[in-house]
Amino acid sequence: MNREEDIKERSDQESTLQYAYMEQAKEMIKQQVASLGRDLTFCVVTFGCQMNARDSEKLTGILEQIGYRKTDQEDADLVIYNTCTVRDNANTRVYGRLGKLKNYKQKNPHMLIALCGCMMQEPSAVERIKEKYRFVDMIFGTHNIFKFAELLVTKLQTEQNNGSDAHSMVIDIWKDTDLIVEDLPIERKYPFKSGVNIMFGCNNFCSYCIVPYVRGRERSRKPEDILAEIRRLADDGVKEIMLLGQNVNSYGKNLESPVTFAKLLQMIEEIEGIKRIRFMTSHPKDLSDELIEAMASSGKICHHLHLPLQSGSTDILSKMNRRYTKEQFIDLAARVRKAIPDIAITTDIIIGFPGETDQDVDDTIDVIQKVRFDGAFTFIYSKRTGTPAAAMEDQVPEDVVKRNFDRVLNVVQDVSREMAERFEGMTDTVLVEGINEQDQTLLTGRLGNNLLVHFPGDAKLIGQIVRVRLTECKGFYYLGTRCDS
Ligand code: SAH
Ligand code: SF4
Ligand code: F3S
């Protein structure tokens, strides 16, 4: 048996085992519901990125399967915080909110509190919870989400055996895994769009970033598993999919029969019913001409590329271990814009990386002005213990970072506003996502390039792709009118 077959066999065994645990959990929940005379509710709160959002859909799928009812109230019978730790403020938010959960738990003795996600992969965070937040019932990590039913059964059994007074904390955190457990239940949050994991983990080790430590090594799902999932989604009415990975451009490299990301996209395009394909995130160092060509020639791949720059200074990029220069990034963006003129290029930028000077920030601003990003997330550098950058000298003083952050933000906003205006008067297709919250007479949806559009229309159109004339640019969104009714 080769390595891939071995992983598949162990993953399939896990899947079967977890279905058995789901059955067992279902029985236990049924008994609790009968004795309480009411439904048991759950609430999953997601922090962080789209990877976490997809993981929360997996937890929700399992919970609905075993008989819990979903709510968005945090005083539910089971509350799960799916945490992020990419910047320190993500951790602070979790600790802050845990206090509130403690109050809810005092009022509802049946309440269970579970913590999972990236922050739980950090031993220091788990130690702190064990010490200071002893009311937490379950802790698990990013690698064993699929085991949720099993962990819940363990928790409920311990409680039954010990009596409800003796509190126990079930903790199960894995350092890494090679398992890719397929076919467990997953919530369908929207009927018309869905995320799809194509790979897990990251091998890039950008020197500021904690993700490779908390998400493990890069592993790609097999194309046939991805295609089967997307076909099922399409049969169910999904029109738009977002392919998820920390670095989708290196998809398929570690498979026994390697497949490029561009090839995967071409296979997905053939699936009838799928009208729009998005993906997130692309690392500039791995973005191939093959991918640019695939995007340019496709009628389904959305003309939006999220291409994180991080810094415009070649010196800082090298210290960040990003493996491209300022000039290479500018050249890459220019090639993308030339091949796909109406594409929106968005980015992520970090300000205040150790050793960053005002001149480095000038370089970042120069790249923003040359590439003309359609949008950018700007972040203040956050020191993550255990990453190489945390040990670097010359951490930048806070006031300098703040001043440079404001400088960059101003340019980013001016440029992206100007870029949005270039579509005024054009017509384009919008996937209608819902009713506008501020003005209920308007529908709201997104163009392929990800710009938001609000326009008058009937709620029946939600989930449909319609043609809209972009009448007025409001900075970061458009007002429009339907033109195929
Ligand atoms: N894999 C994705 C990014 C995941 S994290 C990619 O490489 O694009 C999302 C963003 O958070 C990163 O692009 C980066 O801009 C930011 N980020 C990561 N670590 C950070 C840190 N220590 N401080 C501030 N921002 C950080
Ligand atoms: Fe972090 Fe870099 Fe990996 Fe993105 S590519 S997740 S920034 S290490
Ligand atoms: Fe945060 Fe984990 Fe995503 S650290 S950004 S939730 S991969």
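For ligands, and for the atoms within them, numbers begin at 1 and follow the listed sequence. Model, not experiment: these values are computed from the prediction. Index from 1, following the sequence.
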Inset, instruction - List the closest protein heavy-atom neighbour of atom 1 (Fe) of ligand 3: residue, atom name, distance to the nearest 0.1 Å. - result: Cys84 SG, 2.4 Å

Legend entry - Any donor-acceptor pair under 3.5 Å from Gln65 side chain to Ile186 backbone: no

Inset, instruction - Look at Glu229 together with Arg221 and state whether they make a salt bridge at an N to O cut-off of under 4.0 Å. - result: yes

Legend entry - Expected output: side-chain Thr46 to main-chain Asn52 donor-acceptor under 3.5 Å: no

Inset, instruction - Just need the protein heavy atom nearest to atom 5 (S) of ligand 2, so name the residue and atom and give the distance. - result: Asn204 ND2, 3.4 Å

Legend entry - Protein heavy-atom partner closest to atom 4 (Fe) of ligand 2 - residue, atom, separation in Å: Gln246 O, 4.4 Å

Legend entry - Check: Asp348 N/O within less than 3.5 Å of ligand 1 N/O: yes

Inset, instruction - Please report which non-hydrogen protein atom sits nearest to atom 6 (C) of ligand 1, along with the residue it belongs to and the distance in Å to one decimal place. - result: Thr281 CG2, 3.7 Å

Legend entry - Gap between atom CE of Met120 and atom CG of Asn82 - 0.5 Å precision: 9.5 Å

Legend entry - Check: Asn247 N/O within less than 3.5 Å of ligand 1 N/O: no

Inset, instruction - May I ask you to identify, for Pro308, whether its side chain, its backbone, both or neither come under 4.0 Å of ligand 2 on a heavy-atom basis? - result: neither

Inset, instruction - Show which atoms of ligand 2 fall inside a sub-4.0 Å distance from at least one heavy-atom site of Phe205. - result: 8 (S)

Legend entry - Shortest protein contact, atom 2 (Fe) of ligand 2 (heavy atom only): Cys206 SG, 2.3 Å

Legend entry - atom 2 (Fe) of ligand 2 to nearest N/O/S of Cys209 below 2.8 Å: no

Inset, instruction - For ligand 3, note which part of Arg215 has a heavy atom under 4.0 Å away: side chain, backbone, both or neither. - result: side chain

Inset, instruction - May I ask whether Gln246 places a heavy atom under 4.0 Å from ligand 3? - result: yes

Inset, instruction - Could you tell me the residue and atom name of the protein heavy atom closest to atom 7 (O) of ligand 1, and the distance to it rounded to 0.1 Å? - result: Arg322 NH1, 3.8 Å

Inset, instruction - If you have a sec, work out which protein heavy atom is nearest atom 26 (C) of ligand 1 and how many Å separate them, to one decimal? - result: Arg87 NH1, 3.5 Å

Inset, instruction - Heavy-atom distances under 4.0 Å are what count here, so tell me which part of Arg322 touches ligand 2: side chain, backbone, both or neither. - result: side chain

Inset, instruction - Quick one: look at Val86 and ligand 1, take heavy-atom pairs under 4.0 Å, and tell me if it's side chain, backbone, both or neither. - result: both

Inset, instruction - Taking the six-membered ring of Tyr95 (Phe, Tyr or Trp), confirm whether the NZ or CZ of Arg128 is under 6.0 Å from its centre and within 45° of its axis. - result: yes

Legend entry - contact_flag Arg215 ligand 2 heavy-atom lt 4.0 Å: no

Legend entry - Donor-acceptor side-chain pairing of Thr41 and Gln73 below 3.5 angstrom: no

Legend entry - Short side-chain to backbone donor-acceptor contact, Lys193 and Arg276, under 3.5 Å: no

Inset, instruction - Taking the side chain as every heavy atom from C-beta outward, state whether Leu152 and Leu112 have any atom pair closer than 4.5 Å. - result: yes

Legend entry - Minimum-distance protein heavy atom relative to atom 15 (O) of ligand 1: Gln310 OE1, 2.7 Å

Legend entry - Under 4.0 Å to a heavy atom of Ile350 - the qualifying atoms of ligand 1, by number: 14 (C), 15 (O), 17 (N), 25 (N), 26 (C)

Legend entry - Test item: side-chain donor near acceptor, Glu356 and Tyr381, under 3.5 Å: no

Inset, instruction - Flag Cys49 as yes if one of its N/O/S atoms falls below 2.8 Å of atom 1 (Fe) of ligand 3, otherwise no. - result: no

Legend entry - Nearest-neighbour protein heavy atom for atom 19 (N) of ligand 1, which is reported as residue plus atom name and distance: Tyr208 CD1, 3.3 Å

Inset, instruction - Give a yes/no verdict on whether any heavy atom in Ile380 is under 4.0 Å from an atom of ligand 1. - result: yes

Inset, instruction - Measure the distance from atom 7 (S) of ligand 2 to every protein heavy atom, then report the residue, atom name and distance (to 0.1 Å) of the closest one. - result: Tyr208 OH, 3.4 Å

Inset, instruction - Using atom types as modelled and distance alone, determine if a side-chain donor or acceptor of Glu150 lies under 3.5 Å from a backbone N or O of Lys147. - result: no

Legend entry - Identity of the nearest option to atom 2 (C) of ligand 1, non-hydrogen atoms only, from His283, His306, Gln246: Gln246

Legend entry - Closest protein heavy atom to atom 3 (Fe) of ligand 2, given as residue, atom name and distance to 0.1 Å: Cys202 SG, 2.3 Å

Inset, instruction - Give the atoms of ligand 2, by number and element, whose distance to some non-hydrogen atom of Pro212 is under 4.0 Å. - result: 8 (S)

Inset, instruction - Could you tell me whether Lys383 approaches ligand 1 through its side chain, its backbone, both or neither, with non-hydrogen atoms closer than 4.0 Å? - result: neither

Inset, instruction - Nearest 0.5 Å please: distance from the CG atom of Asp172 over to the CE atom of Met138. - result: 9.5 Å

Inset, instruction - Carefully, step by step, assess Tyr190 and Val238 under the rule side chain to side chain contact (heavy atoms under 4.5 Å, CB included). - result: CA-CA 8 Å; Tyr190 301 93; Val238 166; over 6 Å; no

Inset, instruction - Drop me the distance from Asp286's CG to Asn249's CG, to the nearest 0.5 angstrom. - result: 6.0 Å

Inset, instruction - Taking Ser220 for its side chain and Gly252 for its backbone only, find out whether a donor-acceptor pair lies under 3.5 Å. - result: yes

Inset, instruction - Look at the side chain of Lys300 and the backbone N and O of Glu269, then say whether any donor-acceptor pair between them is shorter than 3.5 Å. - result: yes

Inset, instruction - List every atom of ligand 1 that sits less than 4.0 Å from any heavy atom of Tyr381, numbering the atoms from 1 in the order shown and giving each element. - result: 23 (N), 24 (C)

Legend entry - Backbone or side-chain N or O of Ser382 under 3.5 Å from ligand 1 N or O: yes

Inset, instruction - Looking only at protein heavy atoms, identify the closest one to atom 2 (Fe) of ligand 3 and say how far it is in Å. - result: Cys118 SG, 2.2 Å

Legend entry - Parallel, tilted or perpendicular: ring planes of Tyr213 versus Phe205, cut at 30 and 60 degrees: perpendicular

Legend entry - Salt-bridge present (Glu74, Arg97; N to O < 4.0 Å): yes

Inset, instruction - Indicate, as side chain, backbone, both or neither, the part of Pro308 found under 4.0 angstrom from ligand 1 when only non-hydrogen atoms are considered. - result: side chain

Inset, instruction - Report yes if the side chains of Tyr478 and Val453 come closer than 4.5 Å at any heavy-atom pair, otherwise no. - result: yes

Legend entry - Proximal ligand 1 atoms for Phe379, defined as those under 4.0 Å from one of its heavy atoms: 10 (C), 11 (O), 15 (O), 16 (C), 25 (N)

